Amino acid sequence: MAEAQAAATGGTAAMDRGRTWVVLYLATTGVVILLMMVFGLLMRLAQSEWIVLDPAVFYQLLTVHGIGMVGIAALGGIAILWHFLSAHVPLRSAALAINLVLFLVGVVMILWAVFIGGFAPAWTFLYPLPAISGGVWEPWAGVLDLTGVLLIGVGFLILCLEMGRAIVASQGGLGRGLGWHVLFGGSTDKPPAPTVVAGTMVVIVTTLALVAGATIVVMTILNLLFPSLAIDPLFAKNMIYFFGHVFINATIYMGVAAVYELLPRITGRPWKASRVFLGAWTLSTTMVLIIFPHHLLMDFAMPRWTMVLGQVLSYVNSFPVLAVTGLGALAIVHRSGIRWDLVSTLLLIAMFGWMAGVIPAVVDATVSVNYVMHNTLWVPGHFHFYLLLGLLPMIFAFMIHLARDEDVTARGGDLTAILYLLFGLGFVAMFLMGGWASVPRRWAVHMPEWLVWDRIATVMAAGVIVLAGVFVAIFLARIPRLLRHG
Amino acid sequence: MTVQTLSLLVSLAAIVALAAVFLRVRALSHTPVDYPPLLARAYRLGRIALWTMVVVGLPVTVWLLRYMPHTTAAAVADPQVVNVSSTQWFWEFDRESVEASKPVEFHVTSTDVNHGFGLYDPSGRMVAQVQAMPGYINVMTHTFEAAGDYRVLCLEYCGLAHHAMESVITVTAAGGSNG
Amino acid sequence: MAEGGRGRLAGAATAAAAAAALALLAGGTAGGRAFTAEAARRLDIAAAPRALPEVVLGDPTGALVPLSAYRGHPLVMEFVYATCPDLCLTLGTAFERLDTLLPAGVALLSVSFDPADDTERLGWFADRHGARPPRWRVAAIADPAAREALLARAGVVVIPDGAGGFVHNAALYLVDGAGRLVAVFDPEDTEGVRAALAADAG
Amino acid sequence: MRARTQAAIGAGLVLLALLPPVAGRLEARLPLQVLGQYPLLVAGGALAGAALARRHGRGAGWSAAAALLAGAAVLGFWMIPRWIDAAVALPSVRTLRALSLVLAAGLPLGWGWALAGPVLRGFALANAVPMLAVTGWILLVVPARLCNSFLVEDQRLLGRLQLALALAILVAAVLRALAGGPAQGAATDRRMRRASPPIASPQAPRATNTSPSGIGSRKP
């Protein structure tokens, strides 16, 4: 609608950059994140034995919490990336509209399948669990759920293609979007802006993830409809973890655009794409596509070399984040005269959360550690660390940035951000402690000796939800004004 | 020290160190200095960090690869073989008792969906695990250090009663009865 | 606003193409029930039983029997070749089961589609499975045109397997008392044949 | 002129695919038929369709998505085992198939591809790859022989070839996008041609907002 309006008024579209849609994306993100957090809290409450939850309901919540968070992380990440990328390359916001519609339709289908159809195979829907539920759900629920997943995938595919088109058109190829002409060609052309580099990486890896995801989802749907079409379970696992790993990883590469764009504006120090920076992003692009076997270290049927690759490359993949992006962010704020406010503190937390979240991941990707830590709470410990304290602060910072009409002048305190960090740290620490205590992940009922970690986590989760609610409320309260002036 | 404790301490140390850097940067951020020299220093630090990770970390991770639980059957002479079959939602073993200090070869598979075969020592700490997959037999070799009742828990989400999928393997003292 | 109009046009055209594509693919598979010629044949036969053409059957004893002689009673047929190493053995075994399973009034007929099957080779097949006429007759059709007509009518497709034998769509065929092919079953589905006959009698 | 040459090459491909000795060879084996004869016929029609689009396609960008979808459906139809068998059994179906692969699959695919913007092209490829892979997988794992007229070995071989082809298309598309490549160039040329005459909207500089792609240009 924004664009039709723009067309009618004769060409403010270049200024518009799909802002109305970005605002709607963030509103959806905020509301869904809170809802999913409440689902998470319910699960922790049940594990703490403070409420009683039917295991069937627990696993339904688990499924929705997982897929919902993955989807909404991508939606929020895209909002950030789109907003900043559209200043560098001309994007058509119709793709945003199509994606949001497909997303919402998909969400309704998934919720229907899970809460009415009882479909609960976790968000990873590892074959053949969707088809073999032990009588808990019918095949139709699986078909409905996976069709919803497929629709959401189609929406994100269209978004990626549109971003890819714009990058190719304006930069002359995705290779140039990654700065390869500077990195490899020794070209003296201006390197692409960091946001363009991030956008290019997201386009490449997400598109490939979606193609793989669509393939395995369609295969699983066909298997539900025609059980004689059997899938090799190990192949299915590889496809699902390739898709899942790349897709969820891409969300933080979307969100990091907020750091690249806002920190320089706040401090007045430019973030330029140096050759090291470009090299780091090219490395990340490659690594994120090939390190997924670290999810399969306990599948001894996998070829040995994939295990070696999974461990060594997982470690190598931490270089770009730890030594380049993180350091760049720290350098920009170091002795910059910055006055910390909500936005800048959230961005700093985001960089810390991302970098720190990498650490337990690298530890767990070590085969000998994985041998006794895989599928314990250590794993959710790692990804909650970098999603809750890495990606979400980026999204919250961006929400508040928009609510402040994109004015980067520091204002107000940052107490809520600090509290969010503390509750968040407490929350993820309890997951990591659970991993240390060998608590298996995805258990509806916990043993008595594990309750202490569960109960502290529950309290921390409640705190996180309250503070996230504050950030979302700040944004939602501003929406009428944002839409009016959008 | 157990692998779990070591992992926790290493992670904790790294995270605390990282937090210290962030806190220091935040504390010093109020007084502005010129950016270009600072950036040059940051680049130098970045290079040092990167090279440290390459020169120190990379050999470490490669060295850690020497321990792979994917030991093939041929590598162990005369193992005690336990065939493990998993089904929603129970475990089946062809022998329920093995001897400590002697390698045990677990041949793990599933009759329906993916499960995870997790071995817990009597204190409740996980000592080994492997995925149980339909159509595949994953061979895991483990040597129990001490006698006792080892719980088997399911470590891969497998549906409604995933958390109730438990069993026990008894480990007898070395040189005891051979089951 | 011309752009919006073009967008709507594109949307409408795409929706129309999608509807047409769906109709084409649904129509081409009988609404998703028949992706293969085999499934299509069974659906078609179940919906519209096919009268079989007259042929003369020659059995291992040299006796010549017209197919029409079977009128008045149900008949179960299969199409085989005597030197078949696999599928026809399955079919033969299925017929052995049917032999013990079916009421006395139902006849069994194994028809060879291999022109090289002479009375001697038909005899091997009959002996291997214990086939005895008139209950179970193993037969060949001497007239190539008549043979082809029967195979085509029943939808039997035979192709050389490249190793001197044949590959064919194996099935059990139920023919009613009026000489019409009424149903086709999987080679293992003897229970289906029995149930269909029982339902018919009942 | 170039359009005419293109159409002529297209006609040549069709003739080649239908030339009795060649056709006989191609139709004898399932993989040769589906991955040899079909592509020749479709490519023949597609070249003509693209030539047609170049001459008469101005302002017809709205039809690109519909044409690609229709062409894909016709192509998909002839990959249904039932109709592969029918074409072997009945000469009339075989003739209809040749005609429709050229005119109802190739022609619209060429037309639609030529008019499609990069988003629609990418979308088409991103759908074609999983579809090709999934149908290939079906051919490999289905316990039954799907075509009465072909050996099961042929079916499995076709399945493997389809998987390989899907992978090859994916890799080629990614490499092309990395390089920027002529695909983008062609689309940009066309768009500039379309934008230059005065019939274009008053916001001519917003060329990127007037893509003919049915996907990208649909307005909320």
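All values derive from a computational prediction rather than experimental measurement. Labels below follow one simple rule: chain letters A, B, ... track the order of the sequence lines, proteins then strands, and each chain is numbered from 1.
Contact record, Phe300(A) with Asn138(B): N-OD1, 3.4 Å, taken as the closest heavy-atom pair. Among all heavy-atom pairs drawn from Ser274(A) and Tyr43(B), the shortest one is CB-OH, 3.3 Å. Considering all non-hydrogen atoms of both residues, Ala42(B) and Ala331(A) come closest at CB-CB, 3.6 Å. Scanning both residues, Val333(A) and Ser29(B), for their nearest heavy atoms gives O-CB, 3.5 Å. What you find for Tyr157(B) and Ala120(A) is that their closest heavy atoms are OH-O, 2.6 Å. Taking both residues in full, the closest heavy atoms of Pro134(B) and Pro233(A) are given as O-CG, 3.2 Å, listed atom of the first, atom of the second, then distance.
Results of the side chain to side chain contact (heavy atoms under 4.5 Å, CB included) test with Gln131(B) over Leu234(A), Asp299(A), Leu297(A) single out Asp299(A) as the only residue that passes.
Of the atoms belonging to Leu18(B), heavy atoms from both backbone and side chain fall under 4.5 Å from chain A. Contacts of Val127(B) with chain A are made by backbone atoms alone, with heavy-atom separations under 4.5 Å and no side-chain atom involved. Of the two parts of Ala132(B), neither the backbone nor the side chain holds a non-hydrogen atom closer than 4.5 Å to a non-hydrogen atom of chain A. If you measure heavy-atom distances from Val54(B) to chain A, the contacts under 4.5 Å come from both the backbone and the side chain. Residue Phe117(B): no heavy atom, backbone or side chain, is found under 4.5 Å from chain A.
No donor-acceptor distance shorter than 3.5 angstrom exists from the side chain of Tyr136(B) to the backbone of Met302(A), with no hydrogens or angles considered. Of the possible polar contacts, one joining the Ser438(A) side chain to the Met126(B) backbone as a donor-acceptor pair under 3.5 Å is found. Gln88(B) contributes a side-chain N or O that, together with a main-chain N or O of Ile132(A), makes up a donor-acceptor pair within less than 3.5 Å. Side chain of Tyr315(A) to backbone of Met53(B): a donor-acceptor contact under 3.5 angstrom is found. A donor-acceptor pair under 3.5 Å links the side-chain atoms of Asn114(B) to the main chain of Tyr127(A), judged by distance alone.
One finds the CZ atom of Arg442(A) at 11.5 Å from the SG atom of Cys158(B) (value rounded to the nearest 0.5 Å). For the atom pair CD (Gln4(B)) and CE (Met373(A)), the distance works out to 6.0 Å, reported to the nearest 0.5 Å. The structure places CZ of Arg441(A) at 10.5 Å from CG of Leu155(B), a figure rounded to the nearest 0.5 Å.
Around CG of Leu65(B), the count of heavy atoms belonging to other residues, nucleotides or ligands within 6.0 Å exceeds 12. Atom CD of Glu145(B) has 12 or fewer neighbouring heavy atoms from other residues, nucleotides or ligands inside a 6.0 Å radius. The environment of CZ in Arg24(B) is sparse: at most 12 heavy-atom neighbours from other residues, nucleotides or ligands sit within 6.0 Å.
Residues Val316(A) and Leu58(B) meet the side-chain proximity criterion, which asks for heavy atoms closer than 4.5 Å. Tyr371(A) places a side-chain heavy atom less than 4.5 Å from the side chain of Met140(B). For the pair Leu8(B)/Trp378(A), a side-chain contact is recorded, criterion being any heavy-atom separation below 4.5 Å from C-beta on.
No side-chain donor-acceptor contact under 3.5 Å links Asn375(A) and Gln129(B). In this model, no donor atom of one side chain and acceptor atom of the other lie less than 3.5 Å apart for Trp436(A) and Ser7(B).
With chain B as partner, the option from Val136(A), Leu62(A), Thr376(A), Leu126(A) having the largest number of non-hydrogen pairs under 4.5 angstrom is Leu126(A). Chain B forms more heavy-atom pairs under 4.5 Å with one residue of Met351(A), Glu449(A), Arg339(A), Met447(A) than with any other, namely Met447(A). Top candidate by heavy-atom pairs under 4.5 Å with chain B, chosen from Ser133(A), Ala365(A), Pro128(A), Ser314(A), is Pro128(A). For the set Ile338(A), Leu129(A), Leu327(A), Val308(A), the entry with the most heavy-atom pairs within less than 4.5 Å of chain B is Leu129(A).
Under the 30°/60° scheme for interplanar angles, the aromatic rings of His163(B) and Trp443(A) are found to stand perpendicular.
Taking a cutoff of 4.0 Å between a charged side-chain nitrogen and a carboxylate oxygen, Arg26(B) and Asp414(A) qualify as a salt bridge.
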